[in-house]
**Q** 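One structure, as structure tokens, below. Some questions next.
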Amino acid sequence: MRILELAWSRPYILTSEARITRNIQAEAGTDFLTVIRAKNVQLKKLILTDWIFSCKWGNRGKLLYALANFLGCQHNLETLSLLNANLGVSDVLRLLASVSRGSSEHLTYLDLRGAFREWQAPHSNSRYLRMLGRFRALTVLRLDYPALSDQTLNALANAAPKLLKILHISVRDSDSRHHTVTDTAWHNLAIVCPDLTVSYTIVNISHYEDMCYLLLPSVPLARFQMFSGHVWDQSRSRNFRSTVGLLITHYTNTLAEVMLQLRNNREMLDDLLICMLVHCKHLTRLQYDGILRNLDTLRDICQLQAESKTRFRTIHVKPRNVNTRNRIILNDINYQYDHKMAEQGVDFRIEDPASVLVFY
């Protein structure tokens, strides 16, 4: 056994039977971990999938104790995922401490997104910072904003100089965001880890004032995903133009992928999308789910690709509505650029939302 994923067979159960069922599952899990520990199973990858530890119940402590003991005996673990484990800070740190005892020199991938309960922010916890500082081989780290701070970046710089390559940060509207990370800390980490690329996933945060402190000049941002959500503060403007403007201003030399899901946005972004394509020379993926004020923007995008000023391998367009006038424009774009896209090996298509067919 080299890869083990532990999930709950019945993650969604009735409240009336929750305590009994979870106790039975925890006992079975404890027995299983005891058996594989006795057989000296040495894993390379351990994944905990959506654990249900949001509240205390009978054998919860026994299961965590058995898991910590098992992790302490692992000497070759390379990947650990606590995605959505929803544990208390002390429980997560207990597991990390166990991993650091046996696999601190081997662990290359660590996913802590959703590992901590939403209302707990470990970013300044001294034990948490010491744990991160022990993982000397770490190349990929995924975490939530409450687990990020200047001290976190300093711990990573000291632990894995020149090795850390991917730092994926998830930021949600429910996260504790009362602290900020300084540009100096990002600058220091980028110098120590020259191959580092940063990814942001922004969920249900739409306003520029809530975004600008994330988009600092020294962040080596390569991937940016933004999901705007359906509810926002109507008393102020989202000001998406300024957010997109920061992406263009600060990350022309690093930005490789951009996903903007802005279904409720009404701001004019056509010109900024073209500007991003022109200035961000390393951009190979742009996924935009929003409103284009002018379909000639699509023509401009195709022209940039035809002139080899962009390097896309896929161009898919899914209009929400296609009226007679739009259909004429889209057919003309297809006629003008379909052959050119085919010559470059670009998967180029425009889908008709009124039909199951795709027209080219």
**Q** Side-chain contact test, heavy atoms from C-beta onward, threshold under 4.5 Å: evaluate it for F224 versus T201 and give yes or no.
**A** no

**Q** Say whether L83 and V203 are linked into one hydrophobic cluster, either directly or through other cluster members, by side-chain heavy-atom distances under 4.5 angstrom.
**A** no

**Q** May I ask you to test the I3-L43 pair for a side-chain heavy-atom distance under 4.5 Å?
**A**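 I3 does not reach L43 side chain to side chain.
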
**Q** Give a yes or no on this: more than 12 heavy atoms of other residues, nucleotides or ligands lie within 6.0 Å of atom NE2 of H187.
**A** no

**Q** Between N158 and R136, what is the shortest heavy-atom contact and its length?
**A**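 The answer is O-NH1, 3.2 Å.
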
**Q** If you round to the nearest 0.5 Å, how far is CE of M226 from CG of L247?
**A** 9.0 Å

**Q** Kindly write out the residues that satisfy salt bridge (charged side-chain N to carboxylate O under 4.0 Å, His left out) with R94, not counting sequence neighbours, or none if the list is empty.
**A** D91

**Q** Roughly how far, to the nearest 0.5 Å, is CG of D332 from CZ of R327?
**A** 14.5 Å

**Q** Can you get from I47 to L64 by hopping between Ile, Leu, Val, Met, Phe, Trp and Tyr side chains that sit under 4.5 Å apart?
**A** no

**Q** For K45, enumerate each residue passing the salt bridge (charged side-chain N to carboxylate O under 4.0 Å, His left out) test, keeping only those at least two apart in sequence or located in another chain.
**A** none

**Q** How long is the gap from CG on L304 to CD on E307, to the nearest 0.5 Å?
**A** 6.5 Å

**Q** What's the verdict on side chain to side chain contact (heavy atoms under 4.5 Å, CB included) for Y200 and S170, showing C-alpha distance, side-chain angles and the deciding distance?
**A** CA-CA 6 Å; Y200 274 133; S170 174; over 6 Å; no

**Q** Please find the pair of heavy atoms, one from P161 and one from C193, that lie closest to each other, and give the distance.
**A** CA-SG, 4.3 Å

**Q** So K281 and N253, side chain to side chain contact (heavy atoms under 4.5 Å, CB included) or not? Walk me through it.
**A** CA-CA 7 Å; K281 301 301 183 182; N253 296 321; over 6 Å; no

**Q** Under a 4.5 Å cut-off applied to non-hydrogen side-chain atoms, are T254 and V219 in contact?
**A** no

**Q** Which atom names give the shortest non-hydrogen contact between L262 and Y288, and what distance separates them?
**A**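 L262 and Y288 have their closest heavy atoms at CD1-CE1, 4.2 Å.
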
**Q** Do the side chains of D271 and R241 get close enough for a salt bridge, i.e. N-O under 4.0 angstrom?
**A**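 So D271 pairs with R241 through a salt bridge.
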
**Q** Looking at every non-hydrogen atom in both residues, tell me the closest pair between D150 and T180 and how far apart they are.
**A** OD1-O, 4.3 Å

**Q** Just by modelled atom types, is the V99 backbone N or O under 3.5 Å from a matching donor or acceptor in the S104 side chain?
**A** no

**Q** Would you please name every residue forming a side-chain hydrogen bond (donor to acceptor under 3.5 Å, both in side chains) with S81, sequence neighbours left out?
**A** none

**Q** Please tabulate, one pair per line, all N/O donor-acceptor pairs under 3.5 Å involving side-chain atoms of residues 138-146, not counting sequence neighbours.
**A**
residue, atom, partner, partner atom, Å
T139, OG1, T108, O, 3.1
R142, NE, Y109, OH, 3.0
R142, NH1, H168, ND1, 2.9
D144, OD2, G114, N, 2.6
Y145, OH, H179, O, 2.8

**Q** How about V198 and P220: do any of their side-chain heavy atoms sit closer than 4.5 Å?
**A**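 Side chain of V198 against side chain of P220, heavy atoms only: contact under 4.5 Å found.
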
**Q** Please lay out, stage by stage, how S103 and Q74 fare under the test side-chain hydrogen bond (donor to acceptor under 3.5 Å, both in side chains).
**A** CA-CA 6 Å; S103 301; Q74 298 302 300; over 6 Å; no

**Q** Flag the pair K340 and D338 as a salt bridge only when some basic side-chain nitrogen lies within less than 4.0 angstrom of an acidic carboxylate oxygen.
**A** no

**Q** Say whether S98 and R101, considering side chains only, have a donor N or O and an acceptor N or O under 3.5 Å apart.
**A** yes

**Q** Just by modelled atom types, is the L107 backbone N or O under 3.5 Å from a matching donor or acceptor in the E78 side chain?
**A** no

**Q** Dump the intermediate steps for side chain to side chain contact (heavy atoms under 4.5 Å, CB included) on D296 and R299, then the final yes or no.
**A** CA-CA 5 Å; D296 283 330; R299 192 189 304 275; 3.3 Å; yes

**Q** Is it the case that the side chain of S100 and the backbone of A97 share a donor-acceptor pair, with hydrogens and angles ignored and the cut-off at 3.5 Å?
**A** yes

**Q** What I'd like to find out is whether the side chain of L272 reaches to under 4.5 Å of the side chain of L269, using heavy atoms alone.
**A** yes

**Q** For residues L221 and Y213: do they belong to one hydrophobic cluster (side chain heavy atoms under 4.5 Å, members Ile, Leu, Val, Met, Phe, Trp, Tyr)?
**A** yes

**Q** Looking at F312 and T284, what are the two nearest heavy atoms and their distance?
**A** CD2-O, 3.1 Å

**Q** For a side chain to side chain contact (heavy atoms under 4.5 Å, CB included) with L80, tell me which candidate from L48, L96, D111, L95 qualifies.
**A** L96

**Q** Nearest 0.5 angstrom please: N125 CG to Q151 CD, how far?
**A**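 Here the interatomic distance stands at 10.5 Å.
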
**Q** How many angstroms lie between atom CG of L277 and atom CZ of R311, to the nearest 0.5 angstrom?
**A** 12.5 Å

**Q** I328 versus R325: any side-chain heavy-atom pair under 4.5 Å?
**A**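 Answer no - side chains too far apart.
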
**Q** What I want to check is whether the side chains of D347 and T314 have a donor and an acceptor closer together than 3.5 Å.
**A**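 No.
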
**Q** Ignoring hydrogens and geometry beyond distance, is a side-chain donor-acceptor pair present between Q303 and Y337 at under 3.5 Å?
**A**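 Present: a donor and an acceptor within the cut-off.
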
**Q** Can you see whether N239 engages S242 through a side-chain donor-acceptor pair at a distance of less than 3.5 angstrom?
**A** yes

**Q** To the nearest 0.5 Å, what is the distance between NE2 on H282 and CD on E257?
**A**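 One gets 14.0 Å once the value is rounded to the nearest 0.5 Å.
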
**Q** Does one side chain, of Q287 or R285, offer a donor that lies under 3.5 Å from an acceptor on the other?
**A**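 A pair is found: one side chain offers a donor N or O, the other an acceptor, under 3.5 Å apart.
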
**Q** Using the test side-chain hydrogen bond (donor to acceptor under 3.5 Å, both in side chains), find all partners of H339 that sit at least two apart in sequence or belong to another chain.
**A** E343

**Q** Looking only at side-chain N and O atoms, does Q42 offer a donor or acceptor that is under 3.5 Å from a partner on R2?
**A** no

**Q** Of all the heavy-atom pairs spanning Y251 and L215, show the shortest one and how long it is.
**A** OH-C, 3.0 Å

**Q** Could you walk me through whether L255 and V258 pass the side chain to side chain contact (heavy atoms under 4.5 Å, CB included) test, one step at a time?
**A** CA-CA 8 Å; L255 208 58; V258 175; 3.4 Å; yes

**Q** Is there a path of hydrophobic side-chain contacts, each under 4.5 Å between heavy atoms of I, L, V, M, F, W or Y residues, that connects I248 with L292?
**A** yes

**Q** For the side chain of Y128 and the backbone of A147, is there at least one donor-acceptor N/O pair under 3.5 Å apart?
**A** yes

**Q** Does the Q344 side chain pair with the main chain of Q305, one donor and one acceptor, at a distance under 3.5 Å?
**A** yes

**Q** Side-chain contact, heavy-atom cut-off 4.5 Å: N326 with L295?
**A** yes

**Q** Flag the pair S149 / S124 as yes when at least one side-chain heavy-atom distance between them is below 4.5 Å, and no otherwise.
**A** no

**Q** Is there a path from I291 to L260 through hydrophobic residues (I, L, V, M, F, W, Y) whose side chains come within less than 4.5 Å of each other?
**A**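 No, I291 does not connect to L260 through the hydrophobic network.
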
**Q** Return the set of residues passing side-chain hydrogen bond (donor to acceptor under 3.5 Å, both in side chains) with T79 (not counting sequence neighbours), or none when no residue passes.
**A** none

